[in-house]
Amino acid sequence: MTDSPSTARRVSPLTRRERTGIVALAVPNLEEPYFAELTTLLARGAEARGLSILIQQTEGDHQREIDIANGVGLPATDGLIHIPRSLTVGDLTRRTSPGPLVLLGEHIAVSPFTHISIDNRRTADLATSHLASVGCRRVAFIGPRLSRPSDAADQRFTGYRDAVARLGIADDAALIVAVDAFTPEEGAAALRRLHASGTPFDGIVCSNDSVAFGVLAELHAVGLTVPADVAVIGIDNVHAASYSVPALTSVAPDDQGIVEAAFTELERQMAAPPGADVPVRHIVVDATVIARASTAR
């Protein structure tokens, strides 16, 4: 985990308020396994610190994200952990109910607010490099999001492109297949399009594990064997990756590091005396390839 002191700024003094023991968590969608699992870890982290989590699903809706940042419809809380999808720095600087705030994710990359993120560009570079290391030379990428943009998808696609250029493996636009959402259904549909195109491929980097589960199912349906014919890797290392058939290789972000950093930074703000300027920290957590059967050539 890296902390970027060069990006440190000072935020407005915090106002002392009565402690409630409640921390709000704004999360896009709990149907996505990664968010569900991260929420579970955050709830456990809160409990270990004598806090309770108030979970709010936003579906990435801009107004909903603003309302939660402003405390609209919420009881009094000690702070907010926010995973934004459309919120802007301007929205946050105009908060009508300022207080301790930690941002998670990549949507707001640079801001005068404490921010904890995964290096999504590096995770996709690691994934692509792993496939190259097991002999893949025509590596497809399933996961750019064109109709419904995603900062994580954009960064992961850039990381794939970085690795392709550095490693000298096939650079072919036909190997890139977009999805509308990070779901198994979208992964399966993308694999069908790739297979029907006749483009040869021997490896697939999937933008997340949910997409990869759909890809694995559809590879089986079209008669391709994993990993003998096609090696597959996902990103996020959700729990189900160990139980897919074959078990899915995935890039695992340091989720426990995210949780520890989130509460450390939130509690730092919560504990600040009235009138204190609280340092802003931008923290990037590490990621590691967890190799399983889907790339075991």
Side-chain angles (χ1 to χ4, degrees), residues 1-28 38-39 41-56 58 62 64-120 151 253-286:
M1 180 163 54
T2 60
D3 187 350
S4 304
S6 62
T7 62
R9 299 173 179 81
R10 297 283 173 175
V11 296
S12 300
L14 299 174
T15 302
R16 176 66 68 196
R17 61 175 68 186
E18 190 78 17
R19 292 287 291 270
T20 67
I22 301 171
V23 171
L25 169 64
V27 60
L38 182 60
T39 295
L41 292 177
L42 287 164
R44 289 173 181 163
E47 184 177 7
R49 293 164 173 81
L51 299 169
S52 297
I53 285 279
L54 176 64
I55 300 168
Q56 299 290 301
T58 67
H62 189 203
R64 179 64 176 149
E65 291 187 349
I66 292 173
D67 287 346
I68 291 172
N70 290 332
V72 175
L74 303 183
T77 64
D78 293 336
L80 170 63
I81 299 172
H82 206 311
I83 308 174
R85 283 293 172 267
S86 54
L87 204 64
T88 68
V89 172
D91 296 328
L92 290 172
T93 57
R94 293 189 293 270
R95 288 175 77 196
T96 58
S97 180
L101 170 68
V102 172
L103 300 173
L104 303 186
E106 291 64 41
H107 175 66
I108 302 177
V110 178
S111 75
F113 303 95
T114 288
H115 179 202
I116 300 159
S117 64
I118 301 164
D119 187 344
N120 275 305
D151 300 283
D254 180 7
D255 291 334
Q256 196 57 53
I258 291 173
V259 171
E260 291 297 327
F263 282 109
T264 295
E265 296 307 319
L266 199 65
E267 289 181 321
R268 191 191 309 276
Q269 296 176 45
M270 289 159 56
D277 285 336
V278 182
V280 170
R281 291 180 168 84
H282 293 174
I283 298 167
V284 181
V285 301
D286 296 330

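Using a distance-only test at 3.5 Å, with no hydrogens or angles considered, no donor-acceptor pair links the side chain of H115 to the main chain of V280. Side-chain atoms of D78 come within 3.5 Å of backbone atoms of T20 as a donor-acceptor pair (strictly under, hydrogens ignored). Under the 3.5 Å distance criterion, the side-chain polar atoms of R281 are left unmatched by any main-chain donor or acceptor of T114.
The shortest non-hydrogen separation linking T58 to P28 is OG1-CA, 3.5 Å. What you find for R95 and G99 is that their closest heavy atoms are NH1-O, 3.1 Å.
Using a 4.5 Å heavy-atom cutoff, the side chains of D91 and H62 are in contact. When side chains are defined from C-beta on, L92 counts as touching L101, because their heavy atoms get closer than 4.5 Å. V27 is not listed as a side-chain neighbour of L38, based on a closest heavy-atom distance of 4.5 Å or more. Side-chain contact between L80 and V23 is absent, with no heavy-atom pair separated by less than 4.5 Å. I68 places a side-chain heavy atom less than 4.5 Å from the side chain of L74. Using a 4.5 Å heavy-atom cutoff, the side chains of S117 and V285 are not in contact.
Rounding to the nearest 0.5 Å gives a distance of 11.5 Å between CZ of F113 and NE2 of H82. Rounding to the nearest 0.5 angstrom, the gap separating the CD1 atom in I53 from the CZ atom in R44 is 13.0 Å.
Contact check on R85 versus E65 returns no salt bridge, with no Lys/Arg side-chain nitrogen under 4.0 Å from an Asp/Glu carboxylate oxygen.
If you check the side chains of S97 and N70, you find no donor sitting under 3.5 Å from an acceptor.
In summary, of the residues considered (M270, R268, R49), a side-chain contact (heavy atoms from CB on, under 4.5 Å) with F263 occurs for R49 alone. Of the candidates I283, L25, L266, L266 is the only one forming a side-chain contact (heavy atoms from CB on, under 4.5 Å) with V102. Each of I258, L104, V284 was evaluated against I118; a single residue qualifies, I258, per the side-chain contact (heavy atoms from CB on, under 4.5 Å) test.
Remark: R64 engages Q56 in a side chain to side chain donor-acceptor pair (under 3.5 Å) (not counting sequence neighbours).
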